[in-house]
Engineer: 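Attaching a single structure in structure tokens format; questions to follow.
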Amino acid sequence: MDDPEDKWLTQHIIAAADLTSFVESIRRTNVIAVSDGSGKDRIGSASAVLHCTHTGQRIKAATMVPGNLQDQSSHRSELIGILLIVKIVSMLHSEYDLTGTSITFGLDNDEARKAVMAECHPSVKKPDYDIIYDMRKRIS
């Protein structure tokens, strides 16, 4: 179910106790997704949580942010948090078929949201290009 190239992204995921009921909560739009990132002292980290508003079940994930030291920022970390959510939902979808469902995202970085949702392609010169490109490839 997991791509070997994504090992860095999926290394620290703690799944809900009952995935079947959690997936049913996603289908009923009772799950919200929240991500956050930190880029302090040129070290980036990101976390994500998918939380069921009815049962309290959660899927939690965290990872270190890849990239050069000069590219690390809270923006890049926030993008990785979004990517974590996309990866988790993708893994669940491949196992449980979530076609037609939706999840509400909670983000505190509006620039990260805009970078993901923009219709124009990001500049290759942008330090977050690799993350934005990877994310768009996964959600298209």
Side-chain angles (χ1 to χ4, degrees):
M1 178 159 87
D2 198 16
D3 184 345
E5 289 185 18
D6 287 343
K7 197 68 172 164
W8 69 273
L9 192 59
T10 59
Q11 197 168 13
H12 301 287
I13 295 178
I14 300 171
D18 183 357
L19 273 180
T20 304
S21 73
F22 190 84
V23 167
E24 194 53 39
S25 295
I26 291 174
R27 289 189 178 118
R28 294 181 180 167
T29 64
N30 295 332
V31 172
I32 57 172
V34 178
S35 73
D36 202 5
S38 174
K40 187 175 179 179
D41 298 328
R42 295 190 177 206
I43 298 172
S45 61
S47 62
V49 175
L50 280 80
H51 174 80
C52 176
T53 57
H54 285 44
T55 66
Q57 286 194 87
R58 292 180 174 177
I59 296 177
K60 301 182 270 186
T63 192
M64 297 304 292
V65 176
N68 297 322
L69 288 177
Q70 68 270 18
D71 294 341
Q72 298 298 326
S73 67
S74 62
H75 177 71
R76 184 177 179 84
S77 296
E78 185 82 27
L79 289 170
I80 293 293
I82 297 168
L83 186 58
L84 275 168
I85 292 168
V86 169
K87 179 61 179 179
I88 292 167
V89 172
S90 174
M91 290 167 63
L92 290 171
H93 174 66
S94 69
E95 189 73 19
Y96 295 98
D97 187 18
L98 295 171
T99 302
T101 60
S102 63
I103 294 177
T104 301
F105 273 75
L107 307 170
D108 66 355
N109 187 318
D110 197 42
E111 290 304 311
R113 180 191 61 79
K114 288 177 183 175
V116 173
M117 303 304 291
E119 290 184 22
C120 60
H121 294 291
S123 168
V124 178
K125 295 178 182 177
K126 222 178 139 102
D128 304 325
Y129 171 81
D130 59 328
I131 304 302
I132 296 167
Y133 178 79
D134 187 24
M135 194 174 324
R136 288 183 180 182
K137 185 173 67 173
R138 291 170 192 262
I139 60 176
S140 61

Engineer: Quick one: pull up CD in Q72 and CG in L69 and give me the separation to the nearest 0.5 Å.
Structural biologist: 7.0 Å

Engineer: Below 4.5 Å, heavy atoms only, C-beta onward: do F22 and I59 meet side chain to side chain?
Structural biologist: yes

Engineer: For Y133, give me all partners under ring pair (Phe, Tyr, Trp, His ring centres under 6.0 Å), at least two apart in sequence or on another chain.
Structural biologist: Y129

Engineer: Applying side chain to side chain contact (heavy atoms under 4.5 Å, CB included), name anything that partners S25, two or more places apart in sequence or on another chain.
Structural biologist: N30, V31, C52

Engineer: Would you indicate whether the side-chain heavy atoms of I80 and S45 approach each other to under 4.5 Å?
Structural biologist: no

Engineer: Calculate, to the nearest 0.5 Å, the distance between atoms CZ and CD1 belonging to F105 and I82 respectively.
Structural biologist: 7.0 Å

Engineer: Going by the rule side chain to side chain donor-acceptor pair (under 3.5 Å), which residues pair with Q57 if we only count those two or more places apart in sequence or in a different chain?
Structural biologist: S21

Engineer: What residues form a side chain to side chain contact (heavy atoms under 4.5 Å, CB included) with Q11, not counting sequence neighbours?
Structural biologist: none

Engineer: Rounded to the nearest 0.5 Å, what separation is found between the CG atom of D18 and the OG1 atom of T55?
Structural biologist: 8.5 Å

Engineer: Any side-chain heavy atom of I26 sitting closer than 4.5 Å to one from L92?
Structural biologist: yes

Engineer: Which residues satisfy the side chain to side chain donor-acceptor pair (under 3.5 Å) test with D134, sequence neighbours excluded?
Structural biologist: R138

Engineer: In Å, rounded to the nearest 0.5 Å, how long is the span from CD1 of I131 to OG of S77?
Structural biologist: 9.5 Å

Engineer: Kindly state each residue pair satisfying salt bridge (charged side-chain N to carboxylate O under 4.0 Å, His left out) with at least one member in residues 51-75, sequence neighbours excluded.
Structural biologist: none

Engineer: Between I14 and L50, is there shared hydrophobic-cluster membership here, with clusters defined by ILVMFWY side-chain heavy atoms closer than 4.5 Å?
Structural biologist: no

Engineer: Linking directly or through intermediates, with side-chain heavy atoms under 4.5 Å: list the remaining ILVMFWY members grouped with M64, chain and number order.
Structural biologist: I43

Engineer: Run the side chain to side chain contact (heavy atoms under 4.5 Å, CB included) test against A61 and tell me which residues pass, sequence neighbours left out.
Structural biologist: I13, L84, I88

Engineer: Could you tell me which residues satisfy side chain to side chain contact (heavy atoms under 4.5 Å, CB included) with R27, sequence neighbours excluded, listed by chain and number?
Structural biologist: V23, E24, Y96, L98, T101

Engineer: Count I, L, V, M, F, W, Y as connected when their side-chain heavy atoms are under 4.5 Å apart, and connections chain through other members. Are L79 and V49 then in the same cluster?
Structural biologist: no

Engineer: Would you indicate whether the side-chain heavy atoms of V34 and H51 approach each other to under 4.5 Å?
Structural biologist: no

Engineer: Would you give the length of the straight line joining atom OG of S47 to atom NE2 of H12, rounded to the nearest 0.5 angstrom?
Structural biologist: 12.5 Å

Engineer: If the condition is salt bridge (Lys or Arg N to Asp or Glu O under 4.0 Å), which residues does D130 pass it with, not counting sequence neighbours?
Structural biologist: R76

Engineer: Checking S35 now: which residues fulfil side chain to side chain donor-acceptor pair (under 3.5 Å) with it, not counting sequence neighbours?
Structural biologist: E78

Engineer: Where is the tightest heavy-atom contact between G81 and A48, given as atom of each residue plus distance?
Structural biologist: O-CB, 3.8 Å

Engineer: Going by the rule side chain to side chain donor-acceptor pair (under 3.5 Å), which residues pair with T99 if we only count those two or more places apart in sequence or in a different chain?
Structural biologist: D97

